[in-house]
Structures are given as structure tokens and as C-alpha cells.
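Here's the structure, in C-alpha cells; my notes come after.
Below, read A as the first sequence line, B as the second, and so on, with proteins coming before strands; counting in each chain starts at 1.
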There are 2 protein chains.
Amino acid sequence: MAKRTGVTRQKAAKIADVARLAGVSVATVSRTLARPEVVIEETRTRVLAAVRDTGYMPNISARNLRVRKTMVVLVAVPDIANPFFAEVLQGIDDTLSAAGYGLIIANLAGSPEKEARYVDLICAGQADGVLLLCGHVMRSPDRDLRDARVPLVAACEYIPYENFPQVTIDNVETAREAVRHLVDLGHTSIAYLSGPNSNILEQQRLEGYRQALREAGIAVDASLILPGDFTFRTGVEAGRALLTLDPAARPTALFAANDEMAIGLIKTVHAAGLHVPDDLSVVGFDGIAYADYCEPTLTTIVQPRRDLGATAAAELITLMTTGKAGLRKHIKLPAKLMLRDSTRPPRKGPGRSFRIARSG
Amino acid sequence: MAKRTGVTRQKAAKIADVARLAGVSVATVSRTLARPEVVIEETRTRVLAAVRDTGYMPNISARNLRVRKTMVVLVAVPDIANPFFAEVLQGIDDTLSAAGYGLIIANLAGSPEKEARYVDLICAGQADGVLLLCGHVMRSPDRDLRDARVPLVAACEYIPYENFPQVTIDNVETAREAVRHLVDLGHTSIAYLSGPNSNILEQQRLEGYRQALREAGIAVDASLILPGDFTFRTGVEAGRALLTLDPAARPTALFAANDEMAIGLIKTVHAAGLHVPDDLSVVGFDGIAYADYCEPTLTTIVQPRRDLGATAAAELITLMTTGKAGLRKHIKLPAKLMLRDSTRPPRKGPGRSFRIARSG
DNA sequence: GCATCGAATGTAATCGATTACATTTTTATC
DNA sequence: GATAAAAATGTAATCGATTACATTCGATGC
């Protein structure tokens, strides 16, 4: 007797069983299910009854093999535990599953082996389309996703290729708006807490920061650009760096390239007695849920995460079904500045004693 | 001309192309790829060269059809945007993708339609196994997952069926430990901020709370059990409720059924001038990332999220490959109490003036 | 030198659906 | 009522792999 390598399953009904029970051909069963209007009423009821009685469900592998489709989309995510991507995924899931597509989540997790495995999967025709939330086109040692004959759409992070379909926010413009908010409040000494230099989003947000200062006639002071890498930890470090500055030279406001760093920084300066927003206004970027829970609540740029995912998914669907991208290759979605409690006008004058009177 | 419903793809190489190029039969190609040791050296190199030249990758649908496997596992998640599940998913992904399985994420999102769609998908044989992170066995109007002839494993939430393979933490015991920590610090008036009554995890945590009090000889005071539903918002409400109490009757400590509520509560009482931990000690449950960022950092029960996922995935793999579950049907993983800054002994005496001296 | 055996490879059935084409049945038209 | 056209259904090819079984070939033993 052969070695059992799998679970014994009772045999599932196949289309031939249904056909036999209904007294029709397999073609008729298939047609009844796919286009009920082409069979006459009487046949249809007989077939549907047989389907119910047998509990028949079409075998997807067989169908896929025949129609050369899989009805699944692979989504490449840099880090599934990052709540930002989780919300983008929600939007993707809404759109895709409503259109009948399944979702394979490729959690890259910084592992080239995983990435390669998924590239092979895609090249093997296991997915009808790919959504890239990572900032690069996936690769395996011997294959590049672009020659996989599968539609690709990127979201959230820029992919620096000509005419690559993608949907993002306008990072430069939005960062500019964030800094302009601080300028409008009257701040003139505005620091920037950066992301990792190599990151394209970071570069764009920095550019927005620069533009806003330039427009306001404020010189960019390199010593006010603090290094960070998007993590809470580097926010804490930047906070410490800020505290070592001579109070007179200390900026009255700061724009952080993301919320996590902003929150780390606020926590650190608070512990040292520097108050946000009285002594320092802070604007974040992303709009993570926690920005609304922390103390004080964080003024930040809220990215339309769900919408980014949904729009990218919709774009991919048109690409998969028509083969043509929409009119705009690069769709930019609006992000909005959410005003909360971490920003306020600077105190008049240099000293602590000049606190502006306020209620509460 | 027929309407084009899909993208034109250049034809991918199939096994017959490889066979032709290598001058062998398709069987030999298949064997070379599956069990290289059965073909002689010379054939093997010829075939492998042909595979490389053609860029051949086996068509997965065809293979699945033939071997009656899909090599994908479906994971049912109540809410993909919840960071708790995101980390569990990481553990699942690590284990499953290392074993060569793909992952379909079913984001239930409280939608019965979605749930039904996924149940149908599974019943159609689209997955080799299912991991349930939701607290129930999935259903569609006419199908129950248990008659889908597919191995199921649950994780995180209890499924109240006999002998259902699942891996969770011991909620009763762990909640008891959390409350015992407060007791050990000297608290005798300990409140409980609950989850939704119908939730089984909530029931277990409440039971742990009760046990710990009983062991300490403290009577359970129903007025100290505050209603909540696991959201930040109800934490805020519970905080307000606490503030309305007569200071003399106010508990000196509180155990929250999850971190989000604990954080909402702390934020609220802080705003009203009540200090954590000086005036109120707080213990949370779950160990979300933010528990370590907030002010003060939160003493909490840290669930081994990755491990929960990885263990459940491993269990499912044995189930899928051998058809037999491991020895223990219900695996309980240890969760540990993480001591941080939100707990401390109560002040001696009733008044504010009796503050215990402390360093820092 | 011939039978036997085993290794290597080939031939063709098979998985379960879809669908082009063929056939039968119904309806419409004169 | 005959005939054409349209509608409904059936037959069988097809998708691309795996693998049981058949075949070939060379080595070994006597």
C-alpha cells in the first residue's frame, strides 16, 4: 500500500457528476453556471438542483488552467506589521475582493530570498497582476518582474521609472504645506527631522521643507536638519539633540518626516521639561492612529491610505482587464493637514517669561 | 474579431518546448525538475540548460490540477489594520513561506458577504488549509467550513469546540498574573476595564481578575468593573467615569482588558490632573508597540504574537501533510508581564500629602 | 551467447474545467 | 407544410503539468 502523504478527503463532486444527475451534458452545466440566460428555464432548474444536491463547486485549478487566469493579485508589502501598510491593504482588499479577486500578500520583510520566491511565483503565472507597495520593482537572482508578462501598479512609494503606473500623494507639495502651516503661525526657526537619506520619500519631503522656507524668505540652516530613519528611536535621539542646543538657538518649531519620530521626539523633550506646543511646535507626517492618541495630539499630514490602496487596485483591475492603463500614468491623491494640539504660534520674544496668555 | 478581455501576453515556455529543445520527452523534463537524481548526468545538464534558455517555469494551475494541491493557505483575519493581527501574520508568514506555502489573507472586516465568498473559495479547493484568527468557524449561507474537507487551525481566539486544534495564550492565568502584580504592590482597590461582554477573551480575562482578587482575599466590587469594548474611545469614557468618583472611593489601580483602552484612560485622567502611576496604577493587556511609547510607558501583558502565528502555522503544516494533529489539540503559549512605568505601590493613607518618597 | 534485471527514458492517460464546433430541436416565414 | 434561421444542447479538443505503465538498452550471470 502506498504511503499516505495527505489527508484523506471525501471526493468532491465534479462537473460530470452534476451533469449525470441532471441528465444533461457537462457543457450545459458549465453554461448554466456561467451564463444562465442561454439555457432554457427547465434545464436551468434541473441543473441548479443537481448542483445543490451534489454540493458542487468548480475546481479552480482546472478553470484557471483552461482560461489562463488565476483571479488572484499579489501585493508586495515591505512590512506587514506596519500599520500604515495595513490600512493601504484594507483599501486594496475592498476593491479587489469586490471585483472577485483573491489576494496574496507577499511580506518582503527585507528578505531577498522571500522576494525571489515571490518573483518566481508571479513569473510562474500564479497571479494576474501585482501591486507594489515597496519602492522598487521586485527581483530574483535570474528574473526581473518587468519581464513577467503581468501588469504592475505601484502605490505609496515612487518608482523612478518612466511611465510606470503608480498612485501616491504629492510628497513635495504636502511637506511644503506642513511647513507653511508653521510659517503661517509665525515661526521662523523651523527644524526638520529627516528620514533615511536614500529614501525617495525623504528626499521629496525635504524638498518640500526647503521650498516652504525659501518662499517665506527663511534661510535653510543645515544645523536644523536632524538625521532620522523613520523609527521612534531616532525621534528620541533627535529630541535629545535638540535639548543640548543653547535655548536661544533652539528652533521654535519642527517638521518631522513621519509621525513615529515626531512622537518619540515629543516624549523625550517633555521628559526634560520642554513643552509641546508652548516651547516647540511639532508637525508630523502620515497620520497614524496614534497621532490622535498621544499627548498632545499631533498635528500631521494625513495620507489617504485606504484611498491609495483602493485607487491602485482599481488601476490594476483596468490594466488586467483592458490591458490599458487609465489616462494618467501617475495618479496623485490629495493628503490633508490635520490641525491638532501640537502646533501654536511661537512665544513673542526670546525668554520663557513672555508666554502668550491663553485660556484653559 | 472577438472582444479582447485580457492583456496579450507573449506565450510562456511550456514543458513541451523544453523537451523539444533538450531532445527528450516531457516526462524526462518533469522528472529532471522533480527528482534530479533519477536521470543521468548528461540528460540532466541538457534539460537544465534548456530550462534556462527557455525561461521555463511550470504552470501552477496545471500542476495543482494534477496533484490536487494548491500549496496555499488561507488566513482569516478579523481586521487586517489591527496591528496585533499584523504581527501574528508575520509569524504565520515566516513559517508558511519557508515551507513553500503561499498565503491568502481573508480580511473579514465584519462583512458576512466577504466571509461567505472566502468560505466558497475554500470549499472550491482553492486552499490546502485554513488558519482562523477570528473567534469563530467561518460560514456562508449554505456552507460551513467544517465540511470543507480542509484542515483548520485556530489561533489567538478560542473556538469553543471540542478537540479543535488551536493555539492561544492562557488568558485566565495571564490576567490573574497581571492583577496579582497589582496586589503584590499593595493595592487593595483594583478596578477592571472590561472588553465587550460577549467576547470570550473578555470573559476569560475577567475570570482571571476575579481569581486574583479572591486569592488575595479582596471582595469583587461590581462598581469597580467598568464597561468597555477594546477601543481607545471606551478607554477615554472609562477615564471620565473614574474621575466622577469620590476620591476616597477611587481605586488606586486598574487592570484594563487591552492596551488601547488603558492608553485612552491614562490620557483622560492625566488631562484632569490625576497622575499615573502616582495616583493610579494601570496594567494593560496585549503589548502593542505603542504601550512602550506612551507617557508613562505601560506595564502590560505581552502576548507572543509572532510565536502564536508561527506555532499555529506549524501545526497546520503537520495537519496538512500527515493528516494528524500534534499531540496537544490546544496549545497554550506563555505570555509575560512586562513591567514599565505605569504601576507602583499605592500611597500610604488616604490623602495626597502622604506621597511615598522616591528617587528621580 | 542468451536470459534476466535494472536503469533510463518514452508514451499516453489523467486531473476537471471551458468552449469551438457539430448536432438536434424549436421557431418563424412564406 | 417545407424550409430557413435561431436556439438549445451535445461531443470532444484543449489548457499544461504529473506519472503509471511500456519500452529500450546495457550490464550481469551462467
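- Side-chain contact check for B:I40 versus B:R44: every heavy-atom pair is 4.5 Å or farther apart.
- Between B:R68 atom CZ and C:dC15 atom C1' the separation is 6 Å, expressed in whole Å.
- Taking atom CZ on A:R35 and atom C1' on C:dA20, their separation rounds to 12 Å, with Å as the unit.
- Because its NZ or CZ atom is not both nearer than 6.0 Å to the ring centre of B:F164 and within 45° of the ring axis, B:R146 does not count as a cation-pi partner of that residue.
- Neither side chain, A:T70 nor A:N64, offers a donor N or O lying under 3.5 Å from an acceptor on the other.
- Partner of A:R306 under the side chain to side chain donor-acceptor pair (under 3.5 Å) criterion, out of A:D94, A:T95, A:T311, A:D93: A:D94 alone.
- Side-chain contact annotation: A:D120 with A:Q126, donor-acceptor N/O pair under 3.5 Å absent.
- As rounded to whole Å, 14 Å separates atom C1' of C:dA17 from atom CG of B:N59.
- Mapping B:A62 and B:G23 onto DNA chain C via the closest heavy atom, the residue that lands nearer the 5' end is B:G23.
- Under 4.0 angstrom from either OP1 or OP2 of D:dA17 there lies at least one side-chain N or O belonging to B:Y56.
- In the set D:dT11, C:dA17, D:dT19, D:dT11 carries the atom at the smallest distance from any side-chain atom of A:S25.
- Separating the CZ atom of B:R31 from the C1' atom of C:dG10 is a distance of 8 Å, rounded to the nearest angstrom.
- Among the protein residues, A:V24 comes within range of the sugar-phosphate backbone only, with heavy atoms under 4.0 Å from sugar or phosphate atoms but none that close to a base.
- Between B:R66 atom CZ and C:dA13 atom P there is a gap of 12 Å when expressed in whole angstrom units.
- Checking each of A:H330, A:E157, A:K332 against A:T168 for a side chain to side chain donor-acceptor pair (under 3.5 Å) leaves exactly one that passes, namely A:H330.
- Overall, the helix from C:dG1-D:dC30 to C:dC30-D:dG1 carries an axis bend of 40° between its ends, with five pairs at each end and the value rounded to 10°.
- If you take NZ of A:K14 and P of C:dT14, they are 11 Å apart, rounded to a whole angstrom.
- Rounded to whole angstrom, the span from the CD1 atom of A:I60 across to the P atom of D:dG16 amounts to 19 Å.
- The CD1-P distance, from B:I15 to D:dA17, rounds to 6 Å in whole Å.
- The side-chain heavy atoms of B:D17 and B:Y56, taken from C-beta on, include no pair separated by under 4.5 Å.
- In this structure, B:T28 reaches the sugar-phosphate backbone alone: every heavy-atom distance under 4.0 Å involves primed, P, OP1 or OP2 atoms, never a base.
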